[in-house]
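What follows is one structure encoded as structure tokens, with my remarks underneath.
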Amino acid sequence: MATETRDSINDIWGARTPHGPDTPWPERVDEHTTDTPERWVRGTCVLCSNGCGLDIGVRDGRIVGVRGLASDVTNKGRLGPKGLHGWQANNSEDRLRTPLIRRDGRLQEASWDEAMDLIVRRSREIVERHTSGAMGFYTSGQLFLEEYYTLAVIGKAGLGTPHMDGNTRLCTATAAAALKESFGSDGQPGAYEDLDVTDTILHVGHNIASQQTVLWARILDRLAGPNPPKLVVIDPRRTFTAEKATVHLAPRVGTNVALLNGLIRLVIEAGAVDHAFLDAHTLGYDELRRTVETYTPERVETLTGVPANELRRAGEILATTRTLVSTVLQGVYQSMQATAAAVQVNNLHLVRGLIGKPGSGILQMNGQPTAQNTRETGADGDLPGFRNWDNPEHIRQLARLWNVPFDKIPHWSPPTHAMQIWRYCETGSIKFLWIQATNPAVSLPDLGRVRRILQKEDLFVVVQDAFMTETARYADVVLPAAIWGEKTGTFTNVSRTVHISCQAVEPPGEARSDLDIFLDYARRMDFRDQDGQPLIKWHDPESTFEAWKACTRGRPCDYTGLTYEKLLAGSGIPWPVNDEHPDGTLRLYTDGVFPTSAEYAETYGQDFDTGASVTPEEYRANDPRGRALIKPAEHQEPHEVPDDEYPLWLTTGRQVYHFHTRTKTGRARALAEAAPDAFVQLSEEDAARHGIAQDDWVLVESRRGAIIERALIGNVEPGLVFVPWHYGSWDDPSRPRAANELTLTEWDPVSKQPHFKYAAVRISRYDARAALPPKGLLGRAVDAARSLVGSQDEQSTTERSEFPRPKTTQRVDG
Ligand code: SF4
């Protein structure tokens, strides 16, 4: 029997369960099954960074639904639309079931032995001829901790390549960078529980209502209860989140630093500075005060477009609140001065002394579910256990742990960030690129360039995924991967809370878990330690977790007190978990001591303008020894601004019903039907100026490419257009519609996170009955889309009289 406790498509956040700061967040169990489960298996949702606890319903060896876990600290039983429906992707008919090898220009079925032998042969040839520096890895924010750690050890101690990063570079690199710059190490100071008791919530560039729907339900329940918190929202669009704001500030894209400087200035002017806290626990306040002095409300209005009186209203709330939780996401991370802006949010808390206390915390949010683990394990541009690449003692710790020579572990420069990895592929110094569980042919900026790189003759591309993505089509070898529900592992949400997610069903066909694939590769490559023993000494998820625990001992993300048994018995446990904190740690820095001392810090810091690293000598000369670092920044103009030729700002973002490039959510029927297609959102004024009506086709062009989208009019400032970036070509190759055809190849100097949030574009009404231009930017993008489908789809493309999609039936997502 099917069960659906609520219609999460039409009622995204579900019924209110109001509560005040004096009572706990009530339970509400959401469930969606298509048949009666024979058994329930413990899982955790992997469709956003919230990490909601759930049970997976299984019948006849198939997943038939999910049910929220009432006891889970993260969701108390609730699930959002993606969580309730996304599991259907597991049962898709088009799952990859066998390895594929490109032969005679076509991907053809192969055995695992054939595929892995080819990967190993090419790896050896390339390492022999070009060194390990020719090997690159581009991983995900969706694998499990055990998989990342194994990959990190393969890369750093097996091959010895610095070229490993994840798509987390696109989503959470700035979160890590901002936390490191201010507090010395990655790791969120606060906890979700702070939202239950706080007086004020500040969302900066974070449409939480769409991106972490259950966390927003938690806030809605506070707003509906006694003593609700005030809500300050900073977002250029009138989103679902902004609709509930006490004050909504809508700055022009790319001006976050100016706005935040203005708010800090107002807090200082109001005399709301906690000088005792600053004196005891921070360094750098005087420079911040001097820097923000010139950001008067009137000047901020000129720079950002936010009315001075609105800024004052927000400033008053932030200056008078007794407690404050701030959340930050892509509106900051993917924009101009990303790290500098995110750090100003940290500064706001430090200036007010609102950190490490109940109701006061900072959530530099993650975009993807397991992004935190990519960072913890060093499968991105970090070292495992939040170690510092510039601290030889930290390298020695890893060398001892893995029993490999000190110099085997690359540390002569920072680990290569993703954008540079792609650049090395472009210039030819990286000749082997292994991509796992991500889809850069839709998610990276400037897609025309990405396609050209993926097609390079001298680049051997391996793609490991569950589906034939837009990226997999370009691979030399495709490995079919098991996904959530088909493998066991752990991961950590934004709130530092570790969950376990268990295997409920077998993967389809010959698909294997990412961990098994990495272990197989390590065995075939015969990676050895200094004693001639196998480098990788673990063999399954639990033994990997035990090995990982040893890597974290004494580090901020200390897992040594955790076991699979403990995780299964509980319902999410926040690290550090060790002898001192056997039940986990709700919030960090309660004693005002930060991990900034030179011997312990994860970074020595970088210059916000240039990205230049502070040297160890410079850092030690002014060793903060446990004080937080207050780092100011001056506003800088975005690098590309509208002009006569391209007079509008483009900004990109996500929708509530989809995750990433829709590889999974696009295969869940209810989600796909709720948001079937991309669109371009524009203001009434701009629509009228260009003669565009609701649902008209619109040609959007930038200097890099062009797309054609339906018009969605309203709820956006004049001069700004918005396009969701989820949509590639796997299910609709009829027209170019990926927002990243338009975006810039540029990144933040510190976090190296690309700038997706602004680009200069022009728009025009497009007659879809006309033939697509055969040449030029638009033509090339369409050709690329067509090349991904078979002849039947090509025919439908050339014969269509209009693009086949219906008018914008999707629900308007705030
Ligand atoms: S809020 Fe995130 S983790 Fe929770 S159910 Fe929704 S998608 Fe899954």
Side-chain angles (χ1 to χ4, degrees), residues 4-9 11-14 25 27-33 42-57 63 65-90 141-142 144 171-172 192 195 203 206-221 240-241 327 329-330 363 365-373 483-485 489-501 571-572 654-668 670-672 674-675 726 813:
E4 189 163 15
T5 57
R6 70 186 191 88
D7 176 2
S8 62
I9 300 298
D11 182 9
I12 296 166
W13 308 286
W25 190 32
E27 294 174 2
R28 184 197 79 198
V29 175
D30 299 336
E31 179 177 333
H32 176 218
T33 57
R42 172 69 74 84
T44 308
C45 181
V46 284
L47 289 168
C48 85
S49 59
N50 210 45
C52 295
L54 51 74
D55 290 319
I56 305 170
I63 297 175
V66 291
R67 177 181 68 188
L69 197 60
S71 60
D72 197 283
V73 294
T74 299
N75 56 325
K76 300 280 181 83
R78 293 163 189 77
L79 296 172
K82 290 197 287 277
L84 286 167
H85 293 277
W87 57 269
Q88 292 172 356
N90 284 65
Q142 295 165 54
F144 289 160
C171 83
T172 74
Y192 290 167
L195 292 165
H203 296 301
H206 182 199
N207 183 11
I208 186 172
S210 285
Q211 307 317 334
Q212 285 86 15
T213 57
V214 170
L215 201 56
W216 180 241
R218 193 168 189 151
I219 293 170
L220 288 177
D221 285 346
F240 287 143
T241 312
T327 75
L329 197 59
Q330 311 302 5
L363 294 167
M365 300 293 292
N366 302 337
Q368 293 182 81
T370 70
Q372 190 69 45
N373 305 109
I483 51 177
W484 168 93
T490 58
F491 59 96
T492 309
N493 71 8
V494 180
S495 202
R496 290 177 284 102
T497 300
V498 186
H499 281 92
I500 190 165
S501 191
S571 60
R654 296 183 284 173
Q655 291 187 271
V656 69
Y657 300 107
H658 285 304
F659 176 65
H660 216 251
T661 61
R662 296 177 309 122
T663 308
K664 293 182 203 164
T665 54
R667 289 172 167 91
L671 299 172
H726 305 290
D813 184 354

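Whatever order the structure lists ligands and atoms in, that order sets their numbers, starting from 1.
A donor-acceptor pair is defined here as one N or O able to donate and one able to accept, closer than 3.5 Å; no such pair exists between the side chain of His726 and the backbone of Arg654. Judged by distance alone, with hydrogens and angles left aside, the side-chain atoms of Asp30 form a donor-acceptor pair with the main-chain N or O of Leu79 at under 3.5 Å. Side-chain N or O atoms of Gln211 include none that pairs as donor or acceptor with a backbone N or O of Gly367 at under 3.5 Å.
Counting only protein atoms, the N, O or S atoms lying less than 2.8 Å from atom 2 (Fe) of ligand 1 are Cys48 SG, ordered by chain and residue number.
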Assess whether side chain to side chain donor-acceptor pair (under 3.5 Å) is satisfied between Ser49 and Gln212, documenting all intermediate values. CA-CA 7 Å; Ser49 59; Gln212 285 86 15; 2.9 Å; yes

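With 3.5 Å as the limit, one finds no donor-acceptor pair spanning the side chains of His203 and Thr241.
Thr370 places none of its side-chain heavy atoms less than 4.5 Å from the side chain of Thr492.
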